[in-house]
Amino acid sequence: MTELWAALEASGLAAQVRESTILYPAANVLHVLAVLVFFALIAAMDLRILRVLRGPAPARVVAQLRPAATGALTVIVATGVLLFLPEATRIVRNPAFLAKLAVIGLAVINLAANDVALRRGGDRSVAVQATAGISLASWLAVAALGRLIAYV
């Protein structure tokens with residue numbers, strides 16, 4: 001596996017990002033902005049499910065906001081790859097990065113559980129409420145762990 005990370009780090013794209021005075025900083029800023037937008041959308045959906053926010057039915061809010069959240073997540077992944085490539089061999093050993101990946105996995109599994117719970121039990125079920133709370137905590141943890149990568 002170490003060879004894969006070294007190959008990615010030695011790739012032409014990684015070299016371009018590493019050597020550019022604009023590409024890495026632009027990817028970093030865009031990554032942070034996309035995280036802010038993504039979390040705002042996730043928070044709006046989850047807080048509506050939890051009935052902290054008033055408005056249309058929670059399922060309607062989710063249906064309206066999820067496409068934008070998916071778009072923001074796409075930007076996060078694309079810019080995250082650009083930030084990862086130049087230092088892949090170092091970052092892949094970073095405990096904060098590894099924890100971030102684990103929490104992202106948990107958050108995605110939780111999203112699937114939330115979808116199933118919404119379909120089966122409606123937006124007032126205990127399972128939907130629990131998964132909304134887990135979602136908020138998970139994505140906040142992902143953001144915090146992402147910032148810690150630079151300091152660990």
Side-chain angles (χ1 to χ4, degrees), residues 1-50 52-53 58-59 61-120 127-152:
M1 202 64 168
T2 304
E3 296 83 19
L4 171 64
W5 309 128
L8 288 173
E9 192 172 307
S11 71
L13 180 56
Q16 279 186 310
V17 173
R18 192 172 31 255
E19 294 166 12
S20 172
T21 58
I22 295 172
L23 199 50
Y24 189 90
N28 200 350
V29 168
L30 191 54
H31 189 75
V32 170
L33 291 175
V35 167
L36 290 170
V37 169
F38 178 74
F39 185 75
L41 293 165
I42 292 296
M45 289 184 276
D46 291 336
L47 291 173
R48 182 62 192 108
I49 289 170
L50 292 167
V52 172
L53 297 178
V61 171
V62 169
Q64 289 176 334
L65 297 182
R66 184 159 294 159
T70 301
L73 185 59
T74 301
V75 173
I76 291 167
V77 171
T79 55
V81 168
L82 291 177
L83 297 172
F84 173 77
L85 288 176
E87 303 179 81
T89 56
R90 184 184 65 75
I91 292 174
V92 78
R93 294 187 314 262
N94 185 305
F97 177 75
L98 297 173
K100 178 181 175 179
L101 291 182
V103 177
I104 289 170
L106 169 69
V108 170
I109 291 167
N110 183 67
L111 173 63
N114 180 268
D115 281 346
V116 169
L118 267 172
R119 281 195 299 275
R120 287 189 180 164
V128 170
Q129 301 291 309
T131 56
I134 292 168
S135 173
L136 281 171
S138 297
W139 292 115
L140 275 174
V142 168
L145 289 164
R147 294 309 312 139
L148 283 175
I149 291 169
Y151 305 103
V152 175

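Quick caveat: nothing in here was measured; it's all calculated off a predicted structure. Numbering of residues begins at 1 and proceeds along the displayed sequence.
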message: By the salt bridge (charged side-chain N to carboxylate O under 4.0 Å, His left out) test, which pairs, at least two apart or in different chains, include something from residues 65-80?
response: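 For residues 65-80: R66-D115.
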field: salt bridge (charged side-chain N to carboxylate O under 4.0 Å, His left out) contacts in which one or both residues fall within residues 2-15, not counting sequence neighbours
entry: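 Every candidate salt bridge (charged side-chain N to carboxylate O under 4.0 Å, His left out) pair involving residues 2-15 fails, so no pair, neighbours aside, qualifies.
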Could you check whether any side-chain heavy atom of [X] comes within less than 4.5 Å of a side-chain heavy atom of [Y], counting everything from C-beta outward?
| X | Y | answer |
| --- | --- | --- |
| L41 | V37 | yes |
| T89 | T2 | no |
| L30 | L82 | no |

Could you work out, with side chain to side chain contact (heavy atoms under 4.5 Å, CB included) as the rule, every residue matching [X], not counting sequence neighbours?
| X | result |
| --- | --- |
| L23 | V17, S20 |
| L98 | none |
| A63 | none |
| L85 | L8, L13, A14, V81 |

- prompt: Rounded to the nearest 0.5 Å, how far does CG of L145 lie from NZ of K100?
  reply: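 Answer for the NZ-CG pair, K100 versus L145, is 8.5 Å.
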task: Report the distance from atom CG of L136 to atom CE of M45, rounding to the nearest 0.5 Å.
output: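 Answer for the CG-CE pair, L136 versus M45, is 10.0 Å.
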Set of side-chain hydrogen bond (donor to acceptor under 3.5 Å, both in side chains) partners for [X], sequence neighbours left out:
| X | result |
| --- | --- |
| R90 | E87 |
| S138 | none |
| N94 | none |

task: Write down the atom of A132, the atom of L50, and the distance for their closest heavy-atom approach.
output: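 Answer, listing the atom of A132 first, then L50: CB-CG, 3.9 Å.
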- request: Heavy atoms only: give me the nearest V75-A34 pair and the separation to one decimal.
  value: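 So the two residues come closest at CG1-CB, 3.7 Å.
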- prompt: Tell me the ring-ring contact (aromatic ring centres under 6.0 Å, His included) pairs involving residues 130-152, sequence neighbours left out?
  reply: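 Sorted pair list: F38-W139.
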Compile the donor-acceptor pairs under 3.5 Å between side chains in residues 103-111 and protein atoms, sequence neighbours left out, one pair per line.
unit_1	atom_1	unit_2	atom_2	d
N110	ND2	T131	O	2.8

message: Could you work out, with ring pair (Phe, Tyr, Trp, His ring centres under 6.0 Å) as the rule, every residue matching F97, not counting sequence neighbours?
response: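 Scan of F97 (ring pair (Phe, Tyr, Trp, His ring centres under 6.0 Å), adjacent residues dropped) gives F84.
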- prompt: Of the options I134, I49, V62, which is the one that meets N114 in a side-chain contact (heavy atoms from CB on, under 4.5 Å)?
  reply: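 Only match with N114 under side-chain contact (heavy atoms from CB on, under 4.5 Å): I49.
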task: Just do the side chain to side chain contact (heavy atoms under 4.5 Å, CB included) check on V35 and V142 with the steps written out, would you?
output: CA-CA 10 Å; V35 167; V142 168; over 6 Å; no
